[in-house]
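I have placed the structure first, in the form of structure tokens, so that the comments after it can refer back to it.
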Protein chains: 2
Amino acid sequence: MALMELKEAKDKFIHTWGTLATQWGINRTMAQIHALLLLSPRSMNADEIMADLQISRGNVNMNLRDLMDWGLIYKQLLPGERKEFFIAEKDIWKVAKQIAKERRRREIGPLIEAMEDLKEGIQPDTEEKEEFLKIVNEISKVSVFADNTMTSLLKSDENWLLNNFIKVFNK
Amino acid sequence: MALMELKEAKDKFIHTWGTLATQWGINRTMAQIHALLLLSPRSMNADEIMADLQISRGNVNMNLRDLMDWGLIYKQLLPGERKEFFIAEKDIWKVAKQIAKERRRREIGPLIEAMEDLKEGIQPDTEEKEEFLKIVNEISKVSVFADNTMTSLLKSDENWLLNNFIKVFNK
DNA sequence: AAAAACTTTCAGAATATTTTGAAAATTCAA
DNA sequence: TTGAATTTTCAAAATATTCTGAAAGTTTTT
């Protein structure tokens with residue numbers, strides 16, 4: 001890409017972040033607000049975000065709440081200000097961990113639960129039922145494994161250690 | 001959940017798989033066809049899938065192709081049959097790896113590329129631009145790390161080794 | 001207590017995604 | 001070849017998701 005001015009690059013960042021997000025099952029506007037706050041050196045209020053991204057108040061409000069649920073932004077009450085201000089977590093490692101954590105909770109958790117339910121509902125008293133349970137059990141095992149792996153990665157704040165482990169594995 | 005008959009359990013499995021899939025940004029019908037084939041002891045053709053899930057031919061055709069792109073099902077040409085038959089990969093570890101691989105490719109790849117583009121477009125000749133590049137660089141680092149981690153996990157066919165590593169980490 | 005400042009809600013509108021099904025294209029047997 | 005069987009395409013319809021903006025709710029100031 002050719003040389004860009006800062007404003008242009010920031011817009012591209014916000015736009016790109018929004019587009020990629022839809023590919024990961026995240027709402028585009030939520031991602032754009034997140035990107036905007038990530039790039040903003042100071043906290044912003046709803047009106048500023050509305051003006052910046054040209055979106056409605058309701059939309060901003062809803063997505064700010066979602067972003068807080070995801071643990072990606074914080075509410076900041078400034079002295080002497082009635083309005084609420086929002087600031088993004090700037091430590092990208094924390095951001096990544098937060099996203100991974102949330103996705104683990106939303107994507108793997110329900111899968112494990114659903115498989116447990118199925119296991120409990122079926123008595124393996126025929127060949128067919130055994131076949132079925134075999135698959136359910138396998139999925140159960142794999143999802144518990146994925147869950148554990150995620151948890152481990154998230155717990156390891158010593159990234160260098162993990163990093164080294166990974167490098168060895170790559171050889 | 002109370003005791004279920006096999007048919008009921010299979011339907012629940014297919015339904016659940018479809019619902020969960022939408023939460024991970026995957027098309028519901030694609031997931032249902034996948035679930036149906038996972039549970040089917042024999043390969044199925046388009047007409048059978050249409051009848052089973054009550055969906056149109058076009059829909060079945062499109063999603064079968066997507067499932068093949070994901071590497072989750074295979075086309076099977078049976079001798080003496082004009083119709084194409086499809087069979088799912090039954091090894092759940094392979095399925096999980098395939099899904100992880102595909103998501104890595106679709107979700108992390110474009111992110112890395114986008115950040116590289118931004119880095120190239122900006123000259124760090126002002127304080128502001130340096131700030132911006134710092135964030136882009138951080139995201140770049142984190143996504144390359146995530147990419148490597150995924151790759152390592154995928155390469156390790158010796159699951160026991162990884163499993164042990166993970167257990168140690170959990171202590 | 002009233003009013004002003006601000007946030008939240010939610011029904012309807014706008015947009016995006018998925019699905020249908022008939023027509024076009026392809027494959028294969030005769 | 002021809003034509004029957006099968007697969008693929010794609011425009012329009014159905015469905016699902018997201019967004020708007022005005023009204024309702026809340027908090028703070030006077």
Side-chain angles (χ1 to χ4, degrees), chain A residues 14-37 43-70 72-87 106-107, chain B residues 14-37 43-70 72-87 106-107:
Chain A
I14 291 169
H15 178 264
T16 304
W17 200 251
T19 306
L20 289 176
T22 57
Q23 298 218 305
W24 332 329
I26 289 170
N27 176 289
R28 199 186 52 192
T29 305
M30 174 172 150
Q32 286 184 342
I33 295 177
H34 183 224
L36 178 63
L37 290 175
S43 57
M44 298 177 76
N45 63 42
D47 289 281
E48 290 169 338
I49 297 170
M50 284 169 68
D52 229 307
L53 299 179
Q54 294 287 313
I55 56 181
S56 73
R57 184 176 302 284
N59 199 3
V60 168
N61 184 270
M62 158 169 241
N63 283 297
L64 283 174
R65 276 185 296 109
D66 283 351
L67 281 166
M68 284 193 287
D69 285 348
W70 276 75
L72 297 175
I73 65 172
Y74 312 112
K75 193 182 280 190
Q76 214 177 38
L77 293 174
L78 298 183
E81 283 279 7
R82 289 272 301 266
K83 288 189 169 119
E84 294 176 334
F85 284 72
F86 299 88
I87 190 159
R106 289 167 197 240
E107 298 181 3
Chain B
I14 291 168
H15 177 264
T16 303
W17 200 249
T19 305
L20 290 176
T22 58
Q23 298 219 302
W24 329 331
I26 289 170
N27 177 288
R28 198 184 54 192
T29 305
M30 175 172 147
Q32 286 183 342
I33 294 176
H34 182 223
L36 177 63
L37 289 175
S43 57
M44 298 177 75
N45 62 42
D47 289 282
E48 290 168 338
I49 297 170
M50 285 168 68
D52 229 305
L53 299 179
Q54 294 289 312
I55 55 182
S56 73
R57 182 176 303 284
N59 200 4
V60 167
N61 184 270
M62 155 169 245
N63 283 298
L64 283 173
R65 274 184 300 110
D66 284 351
L67 281 165
M68 284 192 288
D69 285 348
W70 276 74
L72 296 176
I73 65 172
Y74 312 112
K75 192 183 279 190
Q76 214 178 39
L77 293 175
L78 298 183
E81 283 279 6
R82 285 278 296 270
K83 288 189 169 118
E84 294 175 335
F85 285 71
F86 299 88
I87 190 159
R106 289 167 196 239
E107 299 181 2

Measure CD/B:Glu81 against P/D:dA5 and give the value in whole Å, please. 14 Å
Starting at atom CZ of A:Arg65, determine the distance to atom P of D:dC19, rounded to an integer number of angstrom. 14 Å
Output the distance between atom CD1 (B:Ile26) and atom NE2 (B:His34), rounded to the nearest 0.5 Å. 9.5 Å
Length of the CG-C1' vector between B:Asn59 and D:dT7, whole Å: 15 Å
CA sep, side-chain torsions, deciding dist, call: B:Leu36, B:Ile33, side-chain contact (heavy atoms from CB on, under 4.5 Å): CA-CA 5 Å; B:Leu36 177 63; B:Ile33 294 176; 5.5 Å; no
Within the side chain of B:Glu81, is there an N or O that forms a donor-acceptor pair under 3.5 Å with the backbone of B:Leu78? no
Whole-Å distance, A:Ile33 CD1 to D:dT18 P, equals 13 Å
What's the CD1-P distance between A:Ile49 and D:dC19, to the nearest Å? 14 Å
More than 12 non-hydrogen atoms from neighbouring residues, nucleotides or ligands closer than 6.0 Å to CE on B:Met62, yes or no? no
Report the distance from atom CG of B:Leu64 to atom P of D:dT8, rounded to the nearest whole Å. 9 Å
How long is the span from the CD atom in B:Glu84 to the CG atom in B:Asn45, to the nearest 0.5 Å? 10.0 Å
Could you say whether B:Asn63 or A:Phe86 is positioned toward the 5' end of DNA chain C, judged by the nucleotide with the nearest heavy atom to each? A:Phe86
Check whether any side-chain N or O of A:Gln23 sits under 3.5 Å from a backbone N or O of A:Leu20 as a donor-acceptor pair, and report yes or no. no
Tell me which of A:Arg82 and A:Met62 sits closer to the 5' end of DNA chain C, going by the nucleotide each one is nearest to. A:Arg82
Do A:Asn61 and A:Arg57 have side-chain atoms, one donor and one acceptor, less than 3.5 Å apart? no
Mapping A:Ser56 and B:Asn45 to their closest nucleotides on DNA chain D, which lands nearer the 5' end? B:Asn45
Between residues 19-30 of chain B and DNA chain D, which residues have a heavy-atom gap below 4.0 Å? none
Please verify the inter-ring angle class for B:Trp24 with B:Trp17; under 30° counts as parallel, over 60° as perpendicular, anything in between as tilted. perpendicular
Tell me, with the steps shown, if B:Asn63 and B:Asn27 meet side-chain contact (heavy atoms from CB on, under 4.5 Å). CA-CA 9 Å; B:Asn63 283 298; B:Asn27 177 288; 3.7 Å; yes
Looking at A:Arg57, does any N or O in its side chain come under 4.0 Å of the phosphate oxygens OP1/OP2 on D:dC19? no
To the nearest angstrom, the CD-P distance between B:Gln54 and D:dT15 comes to 15 Å
Using the heavy-atom set of chain B and a strict 4.0 Å cut-off, write down the first and last nucleotide of DNA chain C that makes it in, 5' to 3'. C:dT18 to C:dC28
